[in-house]
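No experiment lies behind these values; they were computed from the predicted model shown.
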Amino acid sequence: MPENFLSKLEKAASRVNWVVERICALLVGAMVVVIWFEVAERYFLELGHTWTEELSRYIMIWAALLAVSCGAHYREHIGLALLRQRLPEKGARALTLLLDLISLAFFLFLTYFGVTMAQNGATQFATIFGMTMVVPFASVPISSALTAFQIFAAIFRDPDVALVGGINKGAAK
Amino acid sequence: EKTIKLHHLNKNDPFDNPTGAMATVFKSLVEAGTNGSVKVQIFPSGQLGKDKDVLQQVKAGVIQSGIHSVGGFASAYPMIGVLDIPFVFTDISKTYSVFDGPFGKKLAADIEKKTGMHVLGFGDSGGFFHITNSKHPITKPADMDGLKIRTMGLDTHKTIISSLGGQPAAIAWSEVYTALQTGVADGQMNPIPIIALAKFQEVQKYLTLTGHLFAPYVWVINTKFWDSLSDTEKAVVQNAAKSAIVAGRGIGRIIEASDRGLPALSKAMKVNALSPKEREAFKQKSLPVVKELIIKKFGPEGKEMLEAFMKAVEQAD
Amino acid sequence: MTVVVLFFFLILIGLPVGVTLGVAGVAGLIQIGGNEFLLMAPKRYFEGLDLFTFMAMPFFILAGEIMNKSGITDRLAAFADALVGYLRGGLAHSNMIASVLFAGMTGAAVADTAAFGNTLVPAMEKEGYSRPFSCAVTVAGSIIGPTIPPSNLMVIYGSLMGVSIAGLFAAGILPGILICLLCMAVIAALGKRLNLPKSKERFSLLRIFWAFKSSFLAILMPGIILGGILFGIVTPTEAAAIAVFYALFISTVIYKALKFSDIVEMLIRTARITGVVFLIIAAASILSWWMTFMQIPQKIAAFFLYLSSNPDVIIGLILLLLLGIGMFMDINAALIILAPVLGPLTSSIGMDPVHAGIMIVLALNISLMTPPVGACLFVLSSVTGERIEKISVALVPFLIVEVGILIVVAYWDTLTLFIPRLLQGS
Ligand code: NA
Ligand code: NA
């Protein structure tokens, strides 16, 4: 692969991740606020709204699934390192590549069938706002595509170099 | 050999609840009637997912048949909400003729047209919705003032409560027991078997037999599978469902009367029934409001379905 | 069989646990064949997360983030140190006791792990405890929460099987306290060998007073949240959101220790930890659905029954089944499938339904901390950055004790039924 392509890919992956992280932050914040509203509603506002429970659930799913792609960006998804630690360097790299390819295939699979699922959501309805399920369901293909992209970018990165800004700076690896 | 994978929401014990009885009777009649050419495999207790999700499995042909709550069914056929018009039925026996008669057929045909699933019938979910609470007996709409009543997220359900002066509260089903125990909500509404099953009598003091709603179970079967059956098989399956629904109604009434139903609940809670006069006051306050909501929500089509429903109830003997 | 082999192979070569569960589930769906079954994969991936009570986990992580950043955690740790620091392993002991106090606020082990993993583990590390040991103590304590009421699994079991939920709640109290006491015994026994830290300062009422004064608002936090639940203001999941509110309030208004950029960072970290854990839950739900559809748990249960008719042996087999199933399945799904099979079975050998319910719920909760698939381990690993292998090793002594308690619970009904009987008598 040409150097130029790789550095562009890396830059794109970081930028996409930067944006996705902020969206996730916004969604987590929104989820908290919706539940605060639910409690306040019951005691102070008394508007008789009952949509908070469902809305907060869908926000949670969107936030968590989008964050799966961040986990892929930083290689944070949890697995056993028993075998990898026992292999020589070349073997370890080959193994990492194999695992990345399996993960990539899995998320591409979810993206492909997730699109169909989201389309089918057009004939299903949430109880809130008469919303179709396309909106919540779209979280699966969109987040899976982002995750697949992050895995693809990570393949070309040195797997032994942890990215700065991981969840656990200085964590035992 | 054909297999009907049948999903329902409750324990698969024919003497425990209506759907347990329906599934058991259905399996026995179908397998005997087709001489084993059609088998029935039962997935009880909501095993395969949330009700609305399993409904999609039936639609996609992942499983063949499901007995669904109105709440779950609304996700595929929102207009089922016309049945949420409160205080129309005065008597459970009337529900049989309404859902087995011309109105049931009209509704089934519309469901088939809109969702692409064949309707086997409308079963009994355990009778009427009633209201429990931990504050005081309810005899007049004013007693509802300020009571926080947990309802499903359905607009119609929350409007019934708010039109009566109560305050509908959003609480996830998985937290209702704890919420009633600690007093996050004062009360909730559900049919007797659900109240007994969820053990709400342990955390509620008063049960008012309002009977404000009747929510049937909607029994559907995948259309492609249905079409693959021979005419004889179709007849066996359809008739088996019919008998199963009758059995479900029977067990529903037996449970209500037995020591697992109302008599058990009345040991743990103070029970009162609304007199016809009291009931009328509730009806006056809530029916017009909910009716307006339904018409606004579902348009002329919904209005027509609603009127057909109310007329069928009126004519029911 | 292929699916099981594939699962173990992939997990051992180091594929992320979530992806492993997903791939194994998809392999199962492909075996059945048909596009409609392949479509079940993204559906279950979505539906597996569609549960309101899951929200408690991100809320507690976020509350922990705020508490750490603003020094609330340090103040609480200083207070705990003043109280019990002169004992060897004092902070480890107070972690256990905190689990009991916290039990009234949560109904799920994963939420407990999230709350303590993000606060007490860093605090313990600061005092000189090793990270794997701090994690082990936290995981071990996390099943106290769902054993002492309220408990999500008990509510599900009670309403599935028609067993009194109040009875189950009451029956969980003694086993929950016993877990705490025996885990403390393990900490005491390990104290010398692991050279657990001991404060240089001696026990002094004055020191406790000053620590109390400086951490008063922080100490109030659990009280306010617990009060919010007990007095019926919020549900347990909402209480987790209120924890965020209170932590945010004292951090910004009273301690003035947070900037806006800090808050963004915290929200991001919360989302990322949640993403790592929820990938596993979402993907596990694909495999769980396939197992349900193929009726595998029922088939294993039927096979076990066929092995023996001796009640004691049957109880042993049930425990094995529950601990084993918890390796592959989400425990809520496992409970929904197995309860209808195990309920009648346990009553046929004469077990009280409340007793059987506690046994089943406890076994499933313990399975949350056994590898390869143990949600509590993953939460902690993700929150602290410690490898699950290392946490698992440090966990072994605690796990032995907790399985021991499970066996006592299973074979000696008085432990569970004493309090319910007492309540019934009055
Ligand atoms: Na608890
Ligand atoms: Na496990």
Side-chain angles (χ1 to χ4, degrees), chain A residues 21-22 24-29 31-32 35-36 38-39 43 53 56-58 60-61 63-71 74 76-84 95 98-99 102-103 105-107 109-110 113-114 116-118 120 136-137 139-141 144 166-173, chain C residues 10-20 22-23 26 38-39 41-43 45-46 49-52 54-55 58-59 62 131 233-234 237-238 240-242 244-245 263-264 267-280 282 371-372 378 381-390:
Chain A
E21 278 186 348
R22 264 93 203 142
C24 285
L26 205 68
L27 289 172
V28 171
M31 175 173 89
V32 179
I35 299 301
W36 290 349
E38 177 171 300
V39 176
Y43 294 98
E53 191 257 331
S56 57
R57 255 189 292 128
Y58 293 146
M60 167 179 76
I61 295 174
L65 291 185
L66 281 178
V68 168
S69 77
C70 305
Y74 297 106
E76 275 162 352
H77 288 294
I78 300 164
L80 300 179
L82 299 169
L83 178 62
R84 195 169 182 279
L95 178 65
L98 173 72
L99 298 179
I102 298 174
S103 302
F106 175 67
F107 284 102
F109 175 92
L110 282 184
F113 285 96
T116 314
M117 169 179 84
N120 291 349
F137 282 170
S139 62
V140 175
S144 299
I167 310 181
N168 306 290
K169 287 172 204 164
K173 278 279 172 185
Chain C
L10 292 176
I11 211 135
L12 285 175
I13 65 170
L15 192 66
V17 179
V19 181
T20 304
V23 171
V26 169
L38 297 184
L39 254 177
K43 286 195 131 160
Y45 187 76
F46 177 90
L49 298 181
D50 196 7
L51 189 63
F52 183 76
F54 282 163
M55 235 171 275
F59 288 159
L62 183 57
R131 191 184 285 166
I233 298 162
V234 287
T237 305
E238 290 168 352
I242 297 305
V244 174
F245 184 83
I263 294 175
V264 175
L267 290 171
I268 291 176
R269 210 177 104 93
T270 301
R272 280 170 51 189
I273 295 170
T274 308
V276 168
V277 177
F278 279 25
L279 166 65
I280 295 165
F378 300 140
S381 170
S382 176
V383 165
T384 65
E386 187 53 88
R387 295 215 64 92
I388 43 176
E389 295 91 326
K390 284 198 180 164

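With a 4.5 angstrom heavy-atom cutoff, A:Met60 touches chain C only via side-chain atoms. Interface residue A:Ser139: only side-chain heavy atoms are found under 4.5 Å from chain C. The contact between C:Ile388 and chain A is made entirely by side chain atoms (from C-beta outward), counting heavy-atom distances below 4.5 Å. With a 4.5 Å cut-off on non-hydrogen atoms, A:Val39 touches chain C through its side chain but not through its backbone. For A:Ile78, the parts lying near chain C are the backbone and the side chain together; criterion is any non-hydrogen pair under 4.5 Å.
Other residues, nucleotides and ligands contribute only 12 or fewer heavy atoms inside 6.0 Å of the CZ atom of C:Phe245.
Applying the salt bridge (charged side-chain N to carboxylate O under 4.0 Å, His left out) test to A:Glu53 and every residue at least two apart in sequence or in another chain returns A:Arg57.
When the candidates C:Leu38, C:Val277, C:Leu12, C:Ile280 are compared by the number of heavy-atom contacts under 4.5 Å with chain A, C:Leu38 comes out ahead. Contact tally against chain C (heavy-atom pairs below 4.5 Å) for A:Leu27, A:Val28, A:Leu83, A:Leu80: the top residue is A:Leu80. When each of C:Val23, C:Val17, C:Val244, C:Leu39 is scored by its heavy-atom pairs under 4.5 Å with chain A, the top score falls to C:Leu39. Contact count versus chain A (heavy atoms, under 4.5 Å) is highest, among C:Ile242, C:Leu10, C:Ile233, for C:Ile233.
Nearest heavy atom pair, residue C:Phe278 against residue C:Phe54, reads CZ-O, 3.7 Å.
Using modelled atom types, one side-chain atom of C:Ser381 and one backbone atom of C:Glu386 make a donor-acceptor pair closer than 3.5 Å.
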